[in-house]
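Counting from 1, the numbers follow the sequence of the chain as shown. Below, each value reflects all heavy atoms present in this structure, side chains not excepted, and no hydrogens, waters or symmetry copies.
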Amino acid sequence: QVQLVESGGGLVQTGGSLTLSCVASTIAFTNYFMGWFRQAPGKEREFVGEISRSGKTTYYLDSVKGRFTMSRDNAKNTVYLQMNSLTPEDTAVYYCAARFYFGIGHTPDDFRYWGRGTQVTVSS
């Protein structure tokens with residue numbers, strides 16, 4: 001069982017930046033691929049990014065490429081999502097997720113463990 005706890009959300013103006021953190025309660029953190037998803041009101045949960053076990057490989061939603069950066073600190077069991085140039089369209093609850101096996105799919109069903117989410121609100 002893996003528990004994930006996100007933090008770092010908040011209110012920011014358009015063009016601003018936020019860094020989200022997710023701490024995993026597992027002694028085998030390096031065994032997990034880590035992802036970020038987001039869900040805006042009235043919309044389905046969507047994939048934002050994923051980072052490999054080593055942190056060397058990342059994948060992103062097209063609309064966040066060049067603005068969002070994922071990283072991980074395996075010594076701290078923590079994954080980060082650095083978000084720059086934020087727009088109101090980025091407003092959502094952001095969820096941290098983990099999966100043990102590599103997969104080409106990036107739907108919520110492809111990830112087994114989830115945090116409770118942290119709210120990000122970007123004002124215009």
Interatomic distance, K65 atom NZ to T69 atom OG1 [nearest 0.5 angstrom]: 12.5 Å
How would you list all residue pairs meeting salt bridge (Lys or Arg N to Asp or Glu O under 4.0 Å) that involve residues 96-108, not counting sequence neighbours? E50-R99
For T58, enumerate each residue passing the side-chain contact (heavy atoms from CB on, under 4.5 Å) test, keeping only those at least two apart in sequence or located in another chain. I51, Y60, M70
Are Y113 and F47 connected, step by step, through hydrophobic side chains (Ile, Leu, Val, Met, Phe, Trp, Tyr) whose heavy atoms are closer than 4.5 Å? no
Nearest heavy-atom pair of L86 and L18: which atoms, and what distance? CD1-N, 3.9 Å
F100 reachable from V2 in the ILVMFWY side-chain graph, under 4.5 Å edges: yes
Could you state whether Y95 and F111 fall into the same hydrophobic cluster, counting links through intermediate Ile, Leu, Val, Met, Phe, Trp or Tyr residues with side-chain heavy atoms under 4.5 angstrom apart? yes
Less than 4.5 Å apart, side chain to side chain, heavy atoms only: is that true for L20 and T118? yes
Sequence-distant partners of T107, side-chain contact (heavy atoms from CB on, under 4.5 Å), two or more places apart: D109, D110
Which value, rounded to the nearest 0.5 Å, describes the distance between F68 atom CZ and Q82 atom CD? 9.5 Å
For S85, give me all partners under side-chain contact (heavy atoms from CB on, under 4.5 Å), at least two apart in sequence or on another chain. R67
Would V93 and L4 show up in the same hydrophobic cluster when neighbours are defined by side-chain heavy atoms closer than 4.5 Å? no
Would you list the atom pairs, donor with acceptor, under 3.5 Å between side chains in residues 22-40 and any protein atom, with sequence neighbours excluded?
{"unit_1": "S25", "atom_1": "OG", "unit_2": "Q3", "atom_2": "N", "d": "3.1"}
{"unit_1": "S25", "atom_1": "OG", "unit_2": "Q3", "atom_2": "O", "d": "3.3"}
{"unit_1": "T26", "atom_1": "OG1", "unit_2": "A28", "atom_2": "N", "d": "3.0"}
{"unit_1": "R38", "atom_1": "NE", "unit_2": "E46", "atom_2": "OE2", "d": "2.7"}
{"unit_1": "R38", "atom_1": "NH1", "unit_2": "D90", "atom_2": "OD1", "d": "2.9"}
{"unit_1": "R38", "atom_1": "NH1", "unit_2": "Y94", "atom_2": "OH", "d": "3.0"}
{"unit_1": "R38", "atom_1": "NH2", "unit_2": "E46", "atom_2": "OE2", "d": "3.1"}
{"unit_1": "Q39", "atom_1": "OE1", "unit_2": "R45", "atom_2": "NE", "d": "3.3"}
{"unit_1": "Q39", "atom_1": "OE1", "unit_2": "R45", "atom_2": "NH2", "d": "3.4"}
{"unit_1": "Q39", "atom_1": "NE2", "unit_2": "K43", "atom_2": "O", "d": "3.1"}

OG-CD distance between S63 and E89, expressed to the nearest 0.5 angstrom: 9.5 Å
What I'd like to find out is whether the side chain of V12 reaches to under 4.5 Å of the side chain of S123, using heavy atoms alone. no
Is it true that V120 and Y80 fall in one hydrophobic cluster, defined by side-chain heavy atoms closer than 4.5 Å? no
So the salt bridge (Lys or Arg N to Asp or Glu O under 4.0 Å) pairs with at least one residue in residues 2-14 (sequence neighbours excluded) are none
Does any non-hydrogen side-chain atom of V79 lie less than 4.5 Å from one of S71? no
Donor-acceptor under 3.5 Å (S17 side chain, N84 main chain): no
